[in-house]
Amino acid sequence: MIDKLEMFIALAREQHFGRAAESCGVTQPSLSAAIKHLEDQLGVMLVYRGSRFQGLTPEGQRVLDWARQIVGDARTMKEEMRAARQGLSGNLRLAVIPTALALVADLTAKFARTHPKVRFTILSRTSVEILSMLENLQIDAGLTYLDNEPLGRVSTVPIYAERYALILRRDHPLADRSRIGWEDLGNLSLCLLTPDMQNRRIITQHLSEAGIEAEPMIEASSLIVLISHVLKGDWVTILPLKAAEIFLTSGELAAIPLQAPTASHRVGLIAPYREPHTPVLAALLDQAASLSDRFND
């Protein structure tokens, strides 16, 4: 039953029989047979069928909720038994918003020293993708915004508050200013993250409140791309100070805090709302809480 539910979750996620089979490491006929057997066991049709996948039935949507809960609980049980035998071990899968990628090492480095048998897979994803991957059991936890857009039913550990700065070259005419307002950014050549990023939506909102329409000259899904353009031309960008710190060490760039108003948005660790958590995930949540205490002292 667990294997069939895993395949059903994959089909709901991929919305394609072939891709779902590939993600599960089985043939398409095997996956189709497993879904049909699950339907026979439950006595309901789960999937609208035609020449291709046509969506889940209402019963299928309800079974999907149960499948995620049951599979998640089964994985938790297996992880707890493994921890009882071997101590904390295995692979923790994290998805992180781009502006928190520089922070993730603060979370993982000390954890890895304390629990050397635990490996990490770290992915850069948008906040929307992180919630979807968490729901579909593709990741164990995420680093994302906590209070700007709805999160749904998840466990959260706030770690720090993002505060924003204008990032520009040291030889830029504005580089010697100690503060700058959002209303002063209207005539600058901006590089910003793409609109699918929550950071971009936050910045667009603050610019709009200052009477400025965000029309960046460069849009990218990578902070590296934004910073490389700032270094090579007359462009500037807006970043959280913590995300910018790693780029400021060379001395070629300056960060001017944005004020009027001073905007801040909480970032933290999110995990499935499940009790108990796996021992590894529970330890990571504790580590995030310790990191929060350090950042907020």
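Computed over heavy atoms, backbone and side chain alike; hydrogens, waters and symmetry mates excluded.
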Distance-only donor-acceptor pairs under 3.5 Å for side chains of residues 233-249, two or more places apart:
{"from": "Thr237", "atom 1": "OG1", "to": "Cys191", "atom 2": "O", "distance (Å)": "2.5"}
{"from": "Thr249", "atom 1": "OG1", "to": "Ile246", "atom 2": "O", "distance (Å)": "3.3"}

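Pairs engaging residues 122-139 under the salt bridge (Lys or Arg N to Asp or Glu O under 4.0 Å) rule: Arg68-Glu135 [sequence neighbours left out]. Under the salt bridge (Lys or Arg N to Asp or Glu O under 4.0 Å) criterion, the residue pairs touching residues 155-177 are Arg169-Asp171, Arg177-Asp184, with sequence neighbours excluded.
You'll find the side chain of Ile159 reaches within 4.5 Å of the side chain of Leu143, heavy atoms only. Side chains of Val47 and Leu11 form a contact here, defined as non-hydrogen atoms less than 4.5 Å apart. Contact of the Glu59 side chain with the Met45 side chain is not registered, since no non-hydrogen atoms from C-beta on lie closer than 4.5 Å. Contact check for Gln287 versus Leu107: side-chain heavy atoms found under the 4.5 Å cut-off. Side chains of Leu185 and Leu258 form a contact here, defined as non-hydrogen atoms less than 4.5 Å apart. Between Leu285 and His277, the closest side-chain pair of non-hydrogen atoms falls below 4.5 Å.
Looking at Ser292, its side chain never comes within 3.5 Å of a backbone N or O of Ala288 through a donor-acceptor pair.
Note: Phe120 and Phe111 meet the aromatic proximity criterion, with ring centroids under 6.0 Å apart.
Across Leu38, Leu64, Leu56, a single residue satisfies side-chain contact (heavy atoms from CB on, under 4.5 Å) together with Leu46, and that is Leu38.
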Checklist line | Verdict with supporting geometry, Gln198 and Ser127, side-chain hydrogen bond (donor to acceptor under 3.5 Å, both in side chains) | finding: CA-CA 6 Å; Gln198 192 172 164; Ser127 57; 2.9 Å; yes
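Taking CG of Leu134 as the reference point, atom OH of Tyr273 lies at 14.0 Å (rounded to 0.5 Å). Atom CG of residue Leu137 and atom CD1 of residue Ile9 lie 5.0 Å apart, to the nearest 0.5 angstrom. Going from atom CD1 of Ile97 over to atom OG of Ser124 covers 9.5 Å, rounded to the nearest 0.5 Å.
Closest of all the heavy-atom pairs between Ala175 and Ile256 is CA-CD1, 4.2 Å. Heavy-atom minimum distance, Val280 versus Ser89: CG2-O, 3.5 Å.
Look at Glu39 and Arg49 and you find a salt bridge, because one of the NZ, NE, NH1 or NH2 atoms lies within 4.0 Å of a carboxylate O, short of that distance.
For Gln41, the CD atom is densely surrounded, since the number of other residues' heavy atoms within 6.0 Å is greater than 12.
Note on ring orientation: taking the six-membered ring where Trp is involved, the planes of Tyr164 and His206 are tilted (angle from 30° to 60°).
In this structure, a donor-acceptor pair under 3.5 Å is absent between the side chains of Arg19 and Ser23.
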